[in-house]
Amino acid sequence: IEKGTGWNISDSLKELAQLAETAGAQVVDIISQRRERPDAAFFIGRGKVHEINLLRQSKDINLIIFDDELSPAQQRNLEQALGIKVLDRTALILDIFAQRARTREGKLQVELAQLRYNLPRLGGQGLVLSRLGGGIGTRGPGETKLEVDKRRIRERIADIEAEIEQIKKHRNLHRERRQNANLPTLALVGYTNAGKSTLLNTLTNAGVLAEDKLFATLDPTTRRFKLPNGQEALLTDTVGFIQKLPHQLIAAFRATLEEVVHADLLLHIVDASYPRYEEQMGSVFEVLRELQADTKDIITVFNKIDKIENPNIIARLVREPDSVAISALTGLGIDSLLEQVQNKLRNITTDVCLVIPYSET
Ligand code: GDP
């Protein structure tokens, strides 16, 4: 179902297939349906449910992933009708983040998002009444299993929130220390796979994992690097943005994304060789708006120009203000990127530095 985002169904589905493969699934078929509005009970029409059922049997399919968020009832009804696991884009993205979180905080934040997503989806198969009251203090008298499960999840959510709060305090301390060191900070933002890790590597030789899979970057990495004029700066890589990024995740990663909010300058990396890069840019701006970081100083870095054959296209790209065309892979254009960064930082530092004349008399 198309929404007014500029993304068309086939691009969005192609991306969903790429995400599914990133998560380790093997994509057998991609199906779409055009409808006025989603079916309340099944999201898709009954005829389509039947069609998928036949396909499932003939092709030995054991998982179906929907590109839009399903209501808990729709997900249950579909699982019952099809007899196999049904996921939506949100659950898939949460799964990928769960697989790839590296730091303690990243892992906690993904778990938090998953718990919040799962809570209303609990207990679809009819209530299981449990009045055994076995474990001391584990369940109250007459509580249903569902209520116990929900209570446990809420308790776990509260525990995680408390732990994240602690980690956050630590990070704020670190940030303060960094700010005391008086180094300007740059944050790399951009759609997932745009080339952020590659650029971070090129700029800092940091050896940060870069791979051609969605979501190679989950937790922020900060590296110190030197500009040609000798000035040092800190460069932070952030989580890859993506269209329809589950709101649970934006909330969960808000703390991590604070690096973006506190940065002096944002480098927005765009994969200019991707035909629909403008839509990807739109998705990035949406997230920046949510973080209230869309009014920060931004340099748009059009990346992967080694893949663009027509020089007119590149010339058009750099006509935009505050933009530069580079190849993070070959190093093309890195010099002009660094020059622009230096200029921007010079303006920013003069904005915030107060020079107080001092005389001995
Ligand atoms: P991230 O998700 O934004 O961190 O993207 P990565 O840095 O992991 O890059 C995603 C893929 O694009 C990798 O396969 C990179 O090798 C490739 N890539 C990155 N920059 C360039 C570039 O300038 N040119 C080309 N041809 N490929 C690039």
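Counting begins at 1 with the first residue of the sequence. Every number for a ligand or one of its atoms is a count from 1 in the order of the listing.
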K.L.:
Under the side-chain contact (heavy atoms from CB on, under 4.5 Å) test, which residues partner R156, sequence neighbours left out?
P.N.:
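Partners of R156 under the side-chain contact (heavy atoms from CB on, under 4.5 Å) test: L108, E111, L115, D159, I160.
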
K.L.:
Does D306 reach ligand 1 with a nitrogen or oxygen that is under 3.5 Å from one of the ligand's nitrogen or oxygen atoms?
P.N.:
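The answer is yes, given that D306 and ligand 1 share an N or O pair closer than 3.5 Å.
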
K.L.:
Under 4.0 Å between a side-chain nitrogen and a carboxylate oxygen: does that hold for K344 and D322?
P.N.:
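Looking at K344 and D322, the cut-off is met.
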
K.L.:
Counting each atom of ligand 1 from 1 as listed, which ones have a heavy atom of L329 under 4.0 Å away?
P.N.:
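Ligand 1 atoms under the 4.0 Å threshold to L329: 16 (O), 21 (C), 22 (C), 23 (O), 24 (N), 25 (C), 26 (N), 27 (N).
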
K.L.:
So if I apply the salt bridge (charged side-chain N to carboxylate O under 4.0 Å, His left out) rule between E161 and each of K168, R154, R116, which one comes out positive?
P.N.:
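Checked K168, R154, R116 against E161; only one passes salt bridge (charged side-chain N to carboxylate O under 4.0 Å, His left out): R116.
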
K.L.:
Tell me which pairs pass ring pair (Phe, Tyr, Trp, His ring centres under 6.0 Å) where either residue lies in residues 61-93, with sequence neighbours left out.
P.N.:
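As it turns out, the ring pair (Phe, Tyr, Trp, His ring centres under 6.0 Å) pairs with a partner in residues 61-93, which skip direct neighbours, are F43-F66.
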
K.L.:
Looking only at distance, does A328 have an N or O less than 3.5 Å from an N or O of ligand 1?
P.N.:
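For ligand 1, there is an N or O atom that lies under 3.5 Å from one belonging to A328.
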
K.L.:
Is a salt bridge present between E165 and K169, judged by a nitrogen-to-oxygen distance below 4.0 Å?
P.N.:
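K169 and E165: not salt-bridged.
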
K.L.:
With a 4.0 Å cut-off on heavy atoms, is G190 in contact with ligand 1?
P.N.:
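In this structure, G190 fails to qualify as a contact of ligand 1 - no heavy atom is under 4.0 Å.
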
K.L.:
Is it true that D67 and S12 share a donor-acceptor pair across their side chains at a distance under 3.5 Å?
P.N.:
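Yes - a donor-acceptor pair under 3.5 Å links their side chains.
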
K.L.:
Of the choices N193, T198, D271, which has the non-hydrogen atom that lies closest to atom 19 (C) of ligand 1?
P.N.:
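Among N193, T198, D271, the closest heavy atom to atom 19 (C) of ligand 1 belongs to T198.
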
K.L.:
Report the part of K304 (side chain from C-beta onward, or backbone N, CA, C, O) that has a heavy atom under 4.0 Å from ligand 1; answer both or neither where that applies.
P.N.:
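The part of K304 near ligand 1 is both the backbone and the side chain.
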
K.L.:
Would you kindly specify which portion of N303 sits under 4.0 Å from ligand 1, judged on non-hydrogen atoms: side chain, backbone, both or neither?
P.N.:
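Within the 4.0 Å criterion, N303 contacts ligand 1 through side-chain atoms alone.
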
K.L.:
Salt bridge or not between E79 and R76? Use side-chain N to carboxylate O under 4.0 Å.
P.N.:
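Looking at E79 and R76, the cut-off is not met.
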
K.L.:
Can you list the ligand 1 atoms lying under 4.0 Å from a non-hydrogen atom of S327?
P.N.:
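The atoms of ligand 1 under 4.0 Å from a heavy atom of S327 are 22 (C), 23 (O), 24 (N).
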
K.L.:
Check this for me - ligand 1, I305, N or O atoms closer than 3.5 angstrom, yes or no?
P.N.:
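N/O-N/O distance below 3.5 Å does not exist for this pair.
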
